[in-house]
Every structure is written in structure tokens, then in C-alpha cells.
Amino acid sequence: MTATTPTSAPTPATTPGADVDHELIQAAAEVARTHCRGDNHTMAAAARAENGRIVTAVNAYHFTGGPCAELVVIGAAAGQGLHALDTIVAVGDRDRGVVPPCGRCRQVLLDYFPNLNVIVGEGDRIRTVRITDLLPETYVWADHQLDAG
């Protein structure tokens with residue numbers, strides 16, 4: 001038996017609730033709930049590596065522009081030998097739920113992981129989108145580097 005999908009159906013990556021890694025959201029929410037305290041750590045992020053492992057981190061706020069939780073999770077993953085991330089989500093402390101990445105994080109995530117999935121939205125509108133959907137017609141740093149040879 002062959003299943004067919006109508007061409008007008010939304011893609012699973014943008015359908016609310018479809019293909020959402022709820023375990024990843026729960027991991028970030030648990031870190032936010034248990035490790036975010038005060039003004040220095042207000043956001044948690046969780047990323048799933050391509051091998052299935054989950055890495056978590058919190059932001060390191062500082063008035064000079066400390067890194068967001070998404071950037072800290074990139075470093076934490078690399079420190080564990082995980083250099084290929086599949087999906088990422090950020091969650092705010094005080095039960096604020098899923099928070100989309102800021103502009104700086106969107107650019108860094110795109111440059112490091114151009115095929116990354118990002119969980120965004122709130123309530124019943126939680127969905128998974130590609131990082132490229134969050135930065136349409138974006139600047140890709142690697143495309144503008146001079147060839148070394």
C-alpha cells in the first residue's frame with residue numbers, strides 16, 4: 001500500500017506540534033527550573049546532537065554582552081566532542097516557556113549549523129523550523145570569505 005500526500009499539505013517542519021522534540025523542550029525546561037537563578041542565568045538551552053545525545057546550558061548574562069544560552073550550548077557540545085547539532089531550543093526561567101533565538105544567535109547558529117532545526121512558538125503553536133526560515137535572505141559568512149589558495 002502506498003500513501004500519498006496532497007501537494008497542498010503543510011510540511012511537517014512547520015506544522016504546529018509536528019516533529020517537535022518534546023524531550024528536548026523538557027530538558028531545557030528542567031535546566032531553567034533548577035539552575036537559572038537571579039539575573040545572571042535566566043535562559044536555558046538544549047540541543048540534540050546528530051548522534052542523539054542532548055546537551056544543555058544556561059546563558060551567562062553580563063552587562064558587556066554575555067553569551068546567550070544557545071551560544072553556551074554550542075561550546076558545551078564542542079567540549080564533549082559533539083560538533084554536529086540537529087535541533088536546538090531555548091526556554092526561559094520562571095516558566096516563560098520556549099523563547100526564539102535572538103538575531104545574533106540566529107546568525108551564529110546558521111553559520112555553525114546551516115541545516116539546524118529550531119523549536120519556536122508558544123502554547124499550542126510550538127513547531128520546528130529550519131534555521132534558514134528564521135533568517136530569510138541571510139548573510140552567510142562563509143560565502144564571503146576570500147579563498148586561501
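Predicted model, so just to flag it, every value in this text is computed and none were measured.
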Requested in this report: Heavy atoms only: give me the nearest Val55-Ala77 pair and the separation to one decimal.
Outcome: CG1-N, 3.8 Å
Query raised in the report: At what distance, to the nearest 0.5 angstrom, does CD of Glu50 lie from CG of Leu82?
Result: 10.0 Å
Query raised in the report: Which is it for Val98 and Glu122 under the side-chain contact (heavy atoms from CB on, under 4.5 Å) test, yes or no, and what are the steps along the way?
Result: CA-CA 6 Å; Val98 173; Glu122 57 185 68; over 6 Å; no
Report task. Measure the spacing between NE2 of His62 and OG1 of Thr64 and express it to the nearest 0.5 Å. Result -> 4.5 Å
**Report entry** Glu70 vs Cys102 side-chain heavy atoms within contact, under 4.5 Å
**Finding:** no
Query raised in the report: Has the side chain of Arg125 got a donor or acceptor atom that lies under 3.5 Å from a matching backbone atom of Gly123?
Result: no
Query raised in the report: Quick one: which of Ile131, Ile88, Ile74 gives a side chain to side chain contact (heavy atoms under 4.5 Å, CB included) with Phe113?
Result: Ile74
Report task. Decide yes or no for Leu134 and Pro100: does some side-chain heavy atom of the first lie under 4.5 Å from some side-chain heavy atom of the second? Result -> no
**Report entry** Taking every non-hydrogen atom, the tightest pair across Ala44 and Ala69
**Finding:** C-CB, 3.7 Å
Report summary line: Distance col, row Asp111:CG vs Thr138:OG1, nearest 0.5 angstrom, shows 7.5 Å
Query raised in the report: Around atom CD of Gln80, are there more than 12 heavy atoms of other residues, nucleotides or ligands at under 6.0 Å?
Result: yes
**Report entry** Thr42 and Asn59, any side-chain heavy atoms less than 4.5 Å apart
**Finding:** yes
Requested in this report: Count the heavy atoms of every other residue, nucleotide or ligand shown that sit under 6.0 Å from CG of Asn51, and state whether that count exceeds 12.
Outcome: yes
